[in-house]
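Structure first, commentary second.
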Amino acid sequence: MSFKFNTEANCLRNTPRFQSAKKEILETILEASKKMRQVRKGSDSPEAKENYQKLIQEFVKDRGRELYYPLLASGLGNGPFLELMDGSVKYDMITGIGVNFFGHTHPSLIEEMVDGLSSDVMQGNLEPGIEMKDLLSTILAKVGTGCRISHAWAMCSGTMVNEIALKIIRQKKAPATKILAFQDCFAGRSTAMQEITDNAGYRQGQPVYGEVQYLPFFDSKKGLEVSISNTLGAMKEILKRYPDRFAALMIELVQGEGGFQFAPREFYVKVFEEAKKANLAIWVDEIQTFGRTGELFAYQKFGLNEYVDVVTIGKLLQSCMVLFTDEYNPKPGLVAGTFSGSTAATRTGKRVLELLSEQGFLGPKGRIEELSSRFQKRLQGIADSLGQGVISELRVIGGMIAFVPFKGTMDDVKSVLMRLYDLGVIAFFCGHGPYLVRMLPPLGAMTDEDVDSVCQLIQLALTK
């Protein structure tokens with residue numbers, strides 16, 4: 001609950017002078033963004049092209065690593081459209097890997113950013129601002145009926161809030177320290193999270209401490225009963241081999257990097273009930289799923305409110321948090337950190353929650369489900385029209401959309417992605433074989449016509 005105090009504290013943003021400046025800034029930004037409501041190519045000038053290539057080369061040299069795309073954004077856009085420094089405009093269907101759900105230069109979010117100029121740049125855990133208090137209160141009011149979560153802690157990245165989740169669970173469950181995770185999962189790339197993340201390529205030259213064991217995830221080809229049997233069988237065998245050593249079951253209800261894999265509710269219920277019998281904490285990683293599946297939390301989408309103990313969220317929130325029940329509230333000293341997020345991001349995160357809740361995006365008949373269904377129908381139509389083997393599999397849940405092109409090799413996927421980029425669509429990949437074209441589109445800023453236009457370009461890329 002947000003309170004209004006009868007005080008002179010930071011009344012600057014309410015003064016006529018500030019409001020006048022704010023109006024001028026908003027009008028200037030929005031006027032510039034109007035020119036970006038369609039795909040366009042960059043300048044044909046040889047000098048402009050050379051300058052853009054120099055920018056790319058300098059950036060690559062400074063960071064010591066190639067870019068996936070020759071892409072440097074200007075910072076402006078319009079809804080699903082993003083402007084690059086060469087003057088081109090493209091459909092942004094990956095949105096910083098799920099960050100910009102409301103697209104680019106959204107008026108309400110720009111307004112919050114401007115209001116944030118009257119406060120310090122960064123919020124801290126020692127000296128938090130009223131913005132952070134409001135954001136935490138807003139989040140905790142939306143955890144859902146039957147959910148026992150009552151606390152939240154903010155940090156600046158998804159990896160860091162996963163680190164905090166691990167720490168508070170281990171403190172509660174000590175001396176148990178081990179974690180059960182799922183094959184193909186992703187938790188981050190810090191020293192601890194790289195061990196949970198099921199990708200050996202992310203651990204090259206790094207120590208592994210043997211603290212994580214992997215369970216098979218739901219397999220749609222094997223079906224529900226076989227998947228449940230395989231997962232529970234593996235869980236029981238591991239717990240028997242290491243009695244009283246495991247502290248938690250960590251799960252992405254929809255695997256992100258793992259290929260947008262998800263299961264029926266019955267799978268999760270059986271797995272969670274078995275985990276609870278073994279006194280394991282249920283830790284749900286919603287860094288990517290938060291706000292995207294048609295409900296605010298993916299655990300709400302699957303009706304799992306009663307089971308969750310610790311939840312991590314981020315990306316489209318513009319802030320990252322670990323949420324936890326009172327049982328897992330850590331002792332003083334375990335959790336700290338200088339930064340909790342920028343003031344602009346904290347204000348914007350609260351506005352994102354308000355937009356999702358108040359403008360009809362959530363629920364079975366919400367705008368997320370409408371656009372998700374439209375994407376699915378259009379992509380299925382492309383698969384049918386182009387014939388067997390062009391799109392061999394579709395995986396869609398809310399604003400998480402992926403498809404397997406051709407045989408699903410990395411070469412197949414990269415080829416399609418580069419064709420899409422040239423045609424004016426930015427996407428990415430996921431999966432570990434088959435690989436998929438991954439989209440996390442800005443459904444909060446897209447029209448039906450935008451969906452149709454993107455799908456037409458996808459069909460053209462696949463036809464080429």
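Position 1 is the first residue of the sequence; numbering continues from there. Being a predicted model, the structure only gives us computed values, none of them experimental. Below, all heavy atoms of this structure are taken into account, side chains as well, without hydrogens, waters or symmetry copies.
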*asked:* Suppose we screen for ring pair (Phe, Tyr, Trp, His ring centres under 6.0 Å). Which residues come up paired with His104, at least two apart in sequence or across chains?
replied: none

[X] atom [atom1], neighbour heavy-atom count above 12 within 6.0 Å:
X	atom1	result
Gln206	CD	yes
Glu24	CD	no
Lys276	NZ	yes
Asn329	CG	yes
Asp120	CG	no
Lys173	NZ	yes
Met122	CE	yes
Arg63	CZ	yes

_Listed once per pair and sorted, the side chain to side chain donor-acceptor pair (under 3.5 Å) pairs that draw on residues 292-306, sequence neighbours left out_ = Lys301-Glu369

_Per the side chain to side chain donor-acceptor pair (under 3.5 Å) rule, what does the pair list look like for residues 431-445, sequence neighbours excluded?_
Asp184-His432, Gln288-Arg438

*Determine the minimum heavy-atom distance between Cys147 and Val308, stating which atoms define it.*
SG-CG2, 3.8 Å

_Least distance between heavy atoms, Tyr68 atom then Met418 atom_ = O-CE, 3.4 Å

Does a salt bridge link [X] with [Y], judged by any charged N lying under 4.0 Å from a carboxylate O?
X	Y	value
Glu58	Lys61	no
Glu354	Lys350	yes
Glu393	Arg395	yes
Glu195	Arg203	no

*Take the angle between the ring planes of Phe102 and Phe361 and call it parallel below 30°, perpendicular above 60°, tilted in between.*
perpendicular

Just distance, no hydrogens or angles: give the donor-acceptor pairs under 3.5 Å from side chains in residues 265-272, sequence neighbours left out.
from   : atom 1 : to     : atom 2 : distance (Å)
Arg265 : NE     : Phe302 : O      : 3.0
Arg265 : NE     : Gly303 : O      : 3.1
Arg265 : NH2    : Gly303 : O      : 3.0
Tyr268 : OH     : Leu253 : O      : 2.4
Tyr268 : OH     : Ala263 : N      : 2.9

Distance-only donor-acceptor check, side chains [X] and [Y], under 3.5 Å:
X	Y	value
Asn100	Asp92	no
Thr348	Glu112	no
Glu273	Tyr307	yes
Glu83	Ser74	yes
Asp326	Ser150	no
Ser119	Arg13	yes

Just wondering, do [Y] and [X] contact through their side chains at under 4.5 Å, heavy atoms?
X	Y	value
Met439	Cys430	no
Leu316	Val99	no
Asp450	Leu371	no
Met155	Ser340	no
Trp283	Ile169	yes

_Let's go through Arg170 and Thr177 carefully: what are the C-alpha distance in whole Å and the side-chain angles of both, what is the deciding distance for side-chain hydrogen bond (donor to acceptor under 3.5 Å, both in side chains) to 0.1 Å, and is it a yes or a no?_
CA-CA 6 Å; Arg170 282 177 167 169; Thr177 58; 5.0 Å; no

*Give a yes or no on whether the ring-centroid distance for Phe297 and Phe290 is below 6.0 angstrom.*
yes

*Inter- and intrachain pairs under salt bridge (Lys or Arg N to Asp or Glu O under 4.0 Å), touching residues 147-164, at least two apart*: Arg148-Asp309

_side-chain contact (heavy atoms from CB on, under 4.5 Å) between Asp285 and Phe186, worked out_ = CA-CA 9 Å; Asp285 180 335; Phe186 181 87; 5.8 Å; no

*asked:* Could you walk me through whether Glu257 and Phe429 satisfy the side-chain contact (heavy atoms from CB on, under 4.5 Å) test, starting with their C-alpha distance in whole Å, then the side-chain angles of each, then the deciding distance to 0.1 Å, before giving a yes or no?
replied: CA-CA 8 Å; Glu257 185 177 290; Phe429 66 89; over 6 Å; no

*May I ask you to decide if Gly349's main-chain N or O and Ser319's side chain share a donor-acceptor pair within less than 3.5 Å?*
no

_Distance to the ring centre below 6.0 angstrom and angle to the axis at most 45 degrees; does that hold for Lys315 and Phe101?_
no

*Under the side-chain contact (heavy atoms from CB on, under 4.5 Å) rule, what do Arg189 and Thr197 come out as? Steps first, then yes or no, please.*
CA-CA 7 Å; Arg189 305 185 198 223; Thr197 296; 5.8 Å; no

_Which residues share a salt bridge (charged side-chain N to carboxylate O under 4.0 Å, His left out) with Glu252, sequence neighbours left out_ = none

*Could you walk me through whether Leu84 and Leu71 pass the side-chain contact (heavy atoms from CB on, under 4.5 Å) check?*
CA-CA 7 Å; Leu84 307 190; Leu71 186 160; 3.7 Å; yes

*Identified side-chain contact (heavy atoms from CB on, under 4.5 Å) counterpart of Val284 within the set Thr289, Leu249, Ile251*: Ile251

